Protein chains: 2
Amino acid sequence: MSQFAGRDAVAPAVMVPDFPDLPEATVSRLPEYLRALHQLAQLGHDTVSSEALATAAGVKSAKVRKDLSQLGSYGTRGVGYDVDRLVQQIEQVLGLSQRRNVAVIGAGNLGHALAGYAGFPSRGFRISALVDVEPARVGERLYGIPITHLDDLAATVAAEKIAIGVIATPAGAAQQVADRLVGAGVKCILNFAPCVLSVPTDVDVRSVDLAIELQILSFHEHRRTRSALDGVTDGAVPHPVSHTPARKVV
Amino acid sequence: MSQFAGRDAVAPAVMVPDFPDLPEATVSRLPEYLRALHQLAQLGHDTVSSEALATAAGVKSAKVRKDLSQLGSYGTRGVGYDVDRLVQQIEQVLGLSQRRNVAVIGAGNLGHALAGYAGFPSRGFRISALVDVEPARVGERLYGIPITHLDDLAATVAAEKIAIGVIATPAGAAQQVADRLVGAGVKCILNFAPCVLSVPTDVDVRSVDLAIELQILSFHEHRRTRSALDGVTDGAVPHPVSHTPARKVV
DNA sequence: GTTTGTGAAACGCTTCACAGCG
DNA sequence: CGCTGTGAAGCGTTTCACAAAC
């Protein structure tokens with residue numbers, strides 16, 4: 001069922017449907033499919049089944065089909081999906097047809113690593129600005145990216161057409177930086193500082209806290225060793241099944 | 001309802017319940033509560049209501065209560081939760097009572113940033129080893145952490161009692177590194193390489209792909225601008241509400 | 001035969017709303 | 001009166017299973 005909604009005005013070369021309310025869970029998986037599809041394309045596959053894509057992305061095939069059907073995508077029954085076309089589709093939906101400019105705030109260790117990360121260009125992003133408060137660093141270039149001062153953030157955002165701000169500062173500075181980003185008109189923030197940010201409802205924040213990731217792993221490790229200890233006390237449950245989102249071993 | 005299960009043998013000073021099947025969603029929020037609680041403690045709060053903790057952690061109060069009730073936690077009606085006690089409880093559940101040793105594989109930009117990240121010690125982790133394949137780097141120390149060779153991984157894991165492996169290599173090397181970590185007995189892996197890892201079911205993998213985070217943000221940005229464009233075509237929906245997990249602005 | 005697309009069932013998580021306790 | 005703890009309702013997501021299409 002194709003659901004081409006919206007105005008029937010001038011259409012681009014590739015017909016593009018609107019996506020009023022793609023489920024959030026689906027949205028967060030589309031990038032994973034995209035990554036898998038690029039790999040498959042490089043391996044020479046022209047076409048891919050939901051089963052194969054599921055394996056490559058580390059999910060179940062039914063999920064892949066449900067997700068892709070939401071895009072009004074045309075797979076071919078008995079064959080699968082056209083890899084190139086699917087890549088185009090997903091990139092279109094994610095808004096990756098145009099490259100997005102990113103500003104990294106905080107030119108410390110993490111900001112340095114982000115600036116030097118080679119993976120971004122091929123996946124739709126360009127780090128166009130590095131921002132810091134340290135006057136000593138301002139004016140330098142890191143991997144060709146100019147370092148500007150936080151006080152000039154609004155000007156930098158405007159000049160570089162920044163769509164996404166990445167906060168790579170200590171927790172103490174993060175809220176203030178977020179406020180400045182919002183003030184400069186940035187509506188998407190990726191936050192690496194270990195704190196909750198307050199932003200207006202029309203601003204999107206995603207947070208990555210490295211210690212939290214480790215703590216979640218720690219819980220599973222802890223449970224594993226605990227149940228190994230008291231495994232004798234009650235019924236001979238062989239072993240609790242893991243919760244890993246990763247593929248089974250081949 | 002307190003659910004103290006398990007053997008009634010020698011109990012530690014603080015009574016510790018077992019947690020056969022804490023919901024995964026709850027597990028992933030406990031670290032966020034912990035972070036918020038440490039902040040509140042530092043601000044001088046002895047006690048905290050579910051409402052206050054919810055605000056500090058960026059969630060709803062009912063969620064906090066449900067989550068904490070799973071721990072068989074004792075809040076006091078009319079008062080709230082004892083901050084110190086709750087911190088202890090959560091640390092216990094997450095297995096943070098003992099410090100966990102972490103090995104970072106890949107001493108590139110990202111590995112460097114992780115090694116230098118000051119936030120880990122206070123949150124239960126110690127980066128005890130940096131591992132690389134580059135002979136030139138082996139033997140150096142970074143922030144006091146010795147760099148060892150990937151070929152000696154098993155020995156390093158044993159010597160340093162590594163509980164968690166962090167993969168900070170390019171995608172091409174990640175699977176091989178994962179295999180070696182598994183071979184060395186590591187059961188928890190945090191993967192920063194942009195690929196899916198295959199591991200046995202008893203190994204836990206969490207993946208953080210920076211480009212994927214940006215792509216999810218890109219979707220929201222894309223949708224925002226698209227709906228701004230065709231906002232005139234159909235009913236005057238003022239603006240789609242954001243999906244930000246962050247607190248509203250104050 | 002193979003594989004998609006999809007209703008319908010199953011599941012887990014969130015939110016509500018209030019009884020019960022301090 | 002305030003706040004926790006929790007059944008029950010509501011909602012979104014996952015999984016199943018199969019008819020339709022190639």
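Chain identifiers are assigned alphabetically (A, B, ...) following the order of the sequence lines, protein sequences preceding nucleic acid strands; residue numbering begins at 1 within each chain. Small disclaimer: the values here were computed from a predicted structure and weren't measured.
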> Under 3.5 Å, is there a donor-acceptor pair between the B:Q88 and B:D84 side chains?
Replying inline: no
> Taking A:S61 for the side chain and A:S50 for the main chain, is one N or O donor matched with an acceptor at less than 3.5 Å?
Replying inline: no
>> Would A:L68 and A:Y81 count as a side chain to side chain contact (heavy atoms under 4.5 Å, CB included) here? Give the steps.
In response: CA-CA 10 Å; A:L68 296 185; A:Y81 302 87; 3.7 Å; yes
>> Run A:H222 and B:Q98 through side-chain hydrogen bond (donor to acceptor under 3.5 Å, both in side chains) and show every step you take.
In response: CA-CA 10 Å; A:H222 184 50; B:Q98 56 174 301; 5.6 Å; no
>> Whole angstroms only, please: what is the OH-C1' distance between B:Y74 and C:dG20?
In response: 16 Å
> In whole angstrom, what separates A:H45's NE2 from C:dT3's P?
Replying inline: 13 Å
> When you check the phosphate oxygens OP1 and OP2 of D:dG5, does a side-chain N or O of B:Y81 lie under 4.0 Å from one of them?
Replying inline: yes
>> If I take atom CG in residue A:L86 and atom C1' in nucleotide C:dT3, what distance separates them, rounded to the nearest angstrom?
In response: 15 Å
> Within the distance-only criterion (no hydrogens, no angle test), does the side chain of B:Q175 pair as donor or acceptor with the backbone N or O of B:S198 below 3.5 angstrom?
Replying inline: yes
> Does the side chain of B:S50 get closer than 4.0 angstrom to OP1 or OP2 of D:dT4 through an N or O atom?
Replying inline: yes
> Between atom CG in A:D82 and atom C1' in C:dT3, what is the gap in whole Å?
Replying inline: 15 Å
>> Is there, by distance only and without an angle test, a donor paired with an acceptor across the side chain of A:R77 and the base of C:dT3 below 3.5 Å?
In response: no
> Using a cut-off of 4.0 Å between protein heavy atoms and nucleotide atoms, how would you tag nucleotides 9-14 of chain D 5' to 3' with B, S and -?
Replying inline: ----SS
> Can you tell me how far P of D:dA19 sits from CZ of A:R65, to the nearest Å?
Replying inline: 15 Å
>> Between A:D209 and B:R123, does any side-chain N to carboxylate O distance fall below 4.0 Å?
In response: yes
> Where the side chain of B:S69 is concerned, which of C:dG5, D:dT6, D:dT4 is the nearest nucleotide?
Replying inline: D:dT6
> In whole angstrom, what separates B:K60's NZ from D:dC3's P?
Replying inline: 18 Å
>> Please determine whether side-chain hydrogen bond (donor to acceptor under 3.5 Å, both in side chains) holds for the pair B:E24 and A:H220, giving the CA-CA distance in whole Å, both sets of side-chain angles, and the decisive distance to 0.1 Å.
In response: CA-CA 10 Å; B:E24 195 54 35; A:H220 293 304; 3.2 Å; yes
> Counting side-chain heavy atoms from C-beta on, which of D:dT4, C:dG22, C:dT15 comes nearest to B:T76?
Replying inline: C:dG22
> Could you state the CG-P distance from A:L68 to C:dG5, rounded to the nearest angstrom?
Replying inline: 8 Å
